[in-house]
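Given the structure is predicted, the values throughout are model-derived calculations rather than measurements. FYI, the numbering just counts along the sequence from 1. Each ligand, and each atom within it, is numbered from 1 in the order the structure gives. Both backbone and side-chain heavy atoms feed into the values below; hydrogens, waters and symmetry mates do not.
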Amino acid sequence: MRRKDLPGRFIVVEGADGSGTTTQARKLADALDGFYTAEPTDSKPGTKVEEMISSEDYSPEAIALNFAADRMIHLEEEVLPRLRNGETVICDRYLHSSLVYQSALGAETRWIETLNEPALKPDLTFVLDVEAETGMKRVEKRGKDENIFENLSFQQEVVTRYRDLEDLIENEISVIDGSRNPKDIHEEIVSKTKEVLDLP
Ligand code: TYD
C-alpha cells in the first residue's frame, strides 16, 4: 500500500519478548502527542490468534493468516483514519513481528511477505535489540505468558531474525540497543524520530 493522501506519520516499535516495545511505544506516543496502538488487537482474528499461540494445535500458516487479517482490520478501522486526519500513530508490533515470529515457527518468509504486502509500510521502524537471555529475564519478572514463544531457544531465534531484518525490508529501520535504561532508550528514539521524520 502506498502513502498517498496520508498526511500523518506511522511509526512502529518492534523487538523480541521482553525487549521493551510496549514501554517505548507508549513513551514515544506521549512525547509526540500521538496515538498508541498495538498488535494483536481485540478483533475477532486477533482474539483467535491469542488463543492459537497458547496451544500447540495450529500450523504456522494458520497463525500467520490470522495475524495478517487482524492487521488489515486494525489498519482500516484504527490506523488509516488517523493518518488521513494528520495524526501520528505509534504501533507496538506490526508486520515485522509476523516476518520474524512466523518464519521462526516454520512459515516461509517470502509467503509471509506476500501475505502482508497490502499492509501500509511504516515511515520509520525501531527494533529494540536485546539478547534473548536479557529479554527472558524481564519476561519472567513481569510474569510469563503461557504461549509458544516465551522460551529461551525460540527467543534466540527471534533475536537473530530481527537482526537480519534490515536486509529484508526496504523501509527505514533503526536498531536501538534495548539493554540500557528506558529513559536513555526513549531519548535516542525521540531524537532519531525527529531527525528522520524532520519534526521540530
Ligand atoms: P502480545 O500479546 O502483544 O505480547 P507482548 O506484550 O509480549 O508483546 O503479543 C503476543 C505475541 O505475539 C508476542 O510474543 C509477539 C507475537 N506476534 C507474532 O508472532 N506475530 C505478529 O504478527 C504479532 C503482531 C505478534
Could you check [atom] against the protein and tell me its nearest heavy-atom contact, residue, atom and distance included?
atom	result
atom 25 (C) of ligand 1	Phe67 CE2, 3.5 Å
atom 10 (C) of ligand 1	Ile53 CD1, 3.9 Å
atom 22 (O) of ligand 1	Ser98 OG, 2.6 Å
atom 2 (O) of ligand 1	Glu50 OE2, 3.2 Å
atom 6 (O) of ligand 1	Thr22 OG1, 4.5 Å
atom 16 (C) of ligand 1	Phe149 CE1, 3.7 Å
atom 4 (O) of ligand 1	Asp145 OD2, 4.2 Å

**Item:** Pick from Arg93, Glu14, Glu39: the one approaching atom 15 (C) of ligand 1 most closely through a non-hydrogen atom
**Value:** Arg93

[Y] side chain reached by [X] side chain, heavy atoms, under 4.5 Å:
X	Y	result
Lys48	Lys44	no
Phe149	Ile53	yes
Phe35	Cys91	no
Pro7	Glu87	no

If we ignore angles and hydrogens, is there a donor and acceptor under 3.5 Å between the side chains of [X] and [Y]?
X	Y	value
Gln156	Glu133	yes
Thr47	Asp42	no
Asp70	Ser43	yes
Glu14	Tyr94	no

**Prompt:** Taking distance alone, with no angle check, do Asn147 and ligand 1 share an N/O pair under 3.5 Å?
**Reply:** no

**Prompt:** Could you give all pairs that pass the side-chain hydrogen bond (donor to acceptor under 3.5 Å, both in side chains) test and reach residues 106-116, with sequence neighbours left out?
**Reply:** Arg71-Asn116, Arg110-Glu113

With atoms numbered from 1 as shown, which atoms in ligand 1 lie under 4.0 angstrom from a non-hydrogen atom of [X]?
X	value
Ser97	20 (N), 21 (C), 22 (O), 23 (C), 24 (C), 25 (C)
Glu150	7 (O)
Arg71	21 (C), 22 (O), 24 (C)
Gln102	18 (C), 19 (O), 20 (N), 21 (C), 22 (O)
Asp17	7 (O), 13 (C), 14 (O)

**Message:** I want to know whether Tyr101 and Phe67 have ring centres closer than 6.0 Å.
**Reply:** no

**Request:** Determine whether any heavy atom of Pro40 lies closer than 4.0 Å to an atom of ligand 1.
**Result:** yes

**Request:** Examine ligand 1 and decide if any of its atoms is less than 4.0 Å from a heavy atom belonging to His74.
**Result:** no

**Asked** Between Pro45 and Ile73, which heavy-atom pair has the shortest distance, and what is it?
**Response** CG-CD1, 3.7 Å

**Asked** Does ligand 1 have a heavy atom under 4.0 Å from the side chain of Arg142, from its backbone, from both, or from neither?
**Response** side chain

